[in-house]
Amino acid sequence: MKQDIIELIRDALGRLVADGTLALEALPEPQLDRTRDPAHGDFATNIAMVLAKQARTKPRDLAQRLVEALPASAAVARVEIAGPGFINFFLTEAAYHALVPQIMTAGPDYGRSQVGAGRRVQVEFVSANPTGPLHVGHGRGAAYGSVVADLLAAVGFDVHREYYVNDAGRQMDILGTSVWLRYLELCGEELTFPSNGYKGDYVWDIAATLHREHGDAYRVAADAVFAGVAADDDGAGGGDKEAHIDDLIAAAKRLLGDNRYRFVFELGLNTILDDIRDDLAGFGVDYQEWYSERTLTESGAVNKAIERLRASGHVYEQNGALWFRSTDFGDEKDRVVVRDNGQTTYFASDIAYHMDKLERGFERVIDIWGADHHGYVPRVKAALEALGDDASRLEVLLVQFAILYRGGEKAQMSTRSGEFVTLRQLREEVGRDAARFFYVMRRCEQHLDFDLDLAKSESSDNPVYYVQYAHARVCSVLRQAAERGIGIEPSAGTSHLDRLVEPQEQALLRSIARYPEVVEGAALKAEPHQLTHYLRDLANELHTYYNAHQFLVDDAALRDARIKLILAVRQVLRNGLGLLGVSAPENM
RNA sequence: GCCCUCGUAGCUCAGCCGGAUAGAGCAAUCGCCUCCUAAGCGAUAGGUCACAGGUUCGAAUCCUGUCGAGGGCACCA
């Protein structure tokens, strides 16, 4: 609908240029907006004001000529020039009525478009280290990322959803060692668990599996493990918890040997990764690919990336380490890619990973990170530029934290003690629908206050129930109609739609007409909250209509028109909720 | 100290690629069920868009500075 009007304006501009009235080197893309005030029509464009200066005309005069040059259209009732030079378009009611059968025919496809057709985009999100279960912070990234991906797919992009698995590196060694130490405790060894180890119950669970299935096969005397190990942080300034855990990792590798160490490490990794996969699947989040960091090292991709940097002269050696001169590309300081002990850094893997993403041919690469990683953006972009790639193909979206509230109090516990609210606990408490909806209700760069009581409440205060109830209400009316033996004319019969003249009906028609624009905007700007707001507004209009008018009236023609309208509204509600990964219940 | 994000009604937030009178929900006050689910609807009230400059026909929106909140500044991941 909006596109049709834009075409009319473009035609008019073309005519004015063709007959010499308007001298322009290039035709600008006309900006067309929904009006806020119905007195200003349905759509308004500021094109005359934008072009007035270079056309050396008064905005209103230019607007007048544009209006005269507009091609006739059945959808446009009249056009007005208003204010400083706005051109307001008033659409015909027939144009809105025609929408109802269009929506019914399109069904689940209504709102989908092809603006992204032929363009491949990758969305990488969550990518939490597999060192423990996902917590509520990851949940926001999961909900946000999956909805952004689904929105992009809805507007035609070829979307590839990916989870980057950090299955290499020190944190994973700490996990493996934590599991082993807990296992030793289960074997009866007495030891002091390192302050920097992973202390969650899930570590005990994995250790118990190891003990149950393999008995003492991995047992080593605690004295041997802790012999010569640097002292742990004693909480009074003495000791070094980092050196302590590193020594324990080294001891584990030495005492277990490669194969046995690897087994314990893999058991921890796979158990947790399986849990994360299961958790995300239960949350309605699916991936095309789980990309292993380890394969980057094993395939030589990391070395290749470093060599490319070296070949292009962007690295140097200092203090035994290899540094990437990221300051040449706007970063605050240079970054190490190979440590003095010969190990490549996490950053080196990340360079290789992003290089690989671009090499795989994605036109756009979207990374969704927690806001605490924002300092990381410049160096990754710097690396891509240094490699000669187009860093603007990478878009990093930062998601702020979610803070849980229960009874008006913060409900989130400390992550340090290993006790945190997991995503699974949240799902169990408020359900998948509410969790997803609440997570994407706010702009991603906005801190999210997640009100657990509200998410659980079965009242109109709860936006999820409110929207779902609107859907269920339509279903309920249809059940009533069926009970009373009222038949509904097939969707092809649109002859009575001109009976929809009430203000609530006109408001609903305008709202459902706007839906494709909302989906496109939400997708292109990666702003799912636009959709949640829209759905709340649409639900409100449906409820208002429901309260103001009876649908199942005796006048068969009017009744039929009203039922068709609410069927179309139901379809839009269903489609919108579907894009959010939220169910559309038939009754509540 | 440097960098990033944010600052809009009592609370939670939209609006931010400049546009016509700054919007919604909650909370407050007052109303609406012999009627398709009151898990609903309506009305009233509530604002120096943090502050100060600048850009222009026009600024909540763009730029600069100040203040305030959160986060980040490792040869960790």
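Throughout, a chain's letter reflects where its sequence line sits, starting with A, and its residues are numbered from 1. Because the structure is a prediction, the values reported are computed rather than measured.
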Open item on the list: For A:Ala321, give me all partners under side chain to side chain contact (heavy atoms under 4.5 Å, CB included), at least two apart in sequence or on another chain.
Closed with: A:Trp323, A:Val336

Identify each atom pair where a protein N or O and an N or O of nucleotides 68-71 of chain B are less than 3.5 Å apart, giving names and distance.
residue	atom	partner	partner atom	Å
B:G71	N2	A:His374	NE2	2.6
B:G71	N3	A:His374	NE2	3.2

Open item on the list: Does B:A77 have OP1 or OP2 under 4.0 Å away from a side-chain N or O of A:Ser349?
Closed with: no

Task: Residues that A:Ala548 engages under side chain to side chain contact (heavy atoms under 4.5 Å, CB included), provided they are two or more places apart - done: A:Gln504

Which atom pairs, one a donor and one an acceptor, fall under 3.5 Å between side chains of residues 367-378 of chain A and the rest of the protein, sequence neighbours left out?
residue	atom	partner	partner atom	Å
A:Asp367	OD1	A:Lys357	NZ	2.7
A:Asp367	OD2	A:His354	NE2	2.5

TODO: Using side-chain hydrogen bond (donor to acceptor under 3.5 Å, both in side chains) as the criterion, list what pairs up with A:Glu293, not counting sequence neighbours.
DONE: A:Asn166, A:Ser349

Open item on the list: Strictly by side-chain hydrogen bond (donor to acceptor under 3.5 Å, both in side chains), give each pair with a member in residues 436-446 of chain A just once, sequence neighbours left out.
Closed with: A:Ser146-A:Arg436, A:Arg443-A:Glu445

- [ ] Identify, with sequence neighbours excluded, every residue that meets ring-ring contact (aromatic ring centres under 6.0 Å, His included) alongside A:His543.
- [x] A:Tyr466, A:Tyr469

Task: Salt bridge A:Glu429-A:Arg406, side-chain N to carboxylate O under 4.0 Å - done: yes

TODO: Please work out if A:Ala168 contacts a base, only the sugar-phosphate, or nothing of the nucleic acid, heavy-atom cut-off 4.0 Å.
DONE: sugar-phosphate

N/O contacts under 3.5 Å, protein versus nucleotides 17-27 of chain B?
residue	atom	partner	partner atom	Å
B:G19	N7	A:Asn46	ND2	3.2
B:A20	OP2	A:Arg36	NH2	2.5
B:A20	N6	A:Asn88	OD1	2.8
B:A20	N1	A:Asn88	OD1	3.4
B:A20	N1	A:Asn88	ND2	3.3
B:U21	O4	A:Asp37	OD2	2.6

TODO: Tell me, please, which residues at least two apart from A:Lys253 pass side chain to side chain contact (heavy atoms under 4.5 Å, CB included).
DONE: A:Asp173, A:Ile249, A:Tyr261

- [ ] Only counting residues at least two apart or in another chain, list the ones meeting side chain to side chain contact (heavy atoms under 4.5 Å, CB included) with A:Ala348.
- [x] A:Val302, A:Ile306, A:Val337, A:Thr344, A:Thr345

Open item on the list: Does the protein touch nucleotides 28-35 of chain B at the base, only the backbone, or not at all? Give it as B, S and - per nucleotide, heavy atoms under 4.0 Å.
Closed with: -------S

TODO: Only stems of 3 or more consecutive Watson-Crick or G-U pairs count here, both distances under 3.5 Å; name the ones for RNA chain B, or none.
DONE: B:1-7 with B:67-73, B:10-13 with B:23-26, B:28-32 with B:40-44, B:50-54 with B:62-66

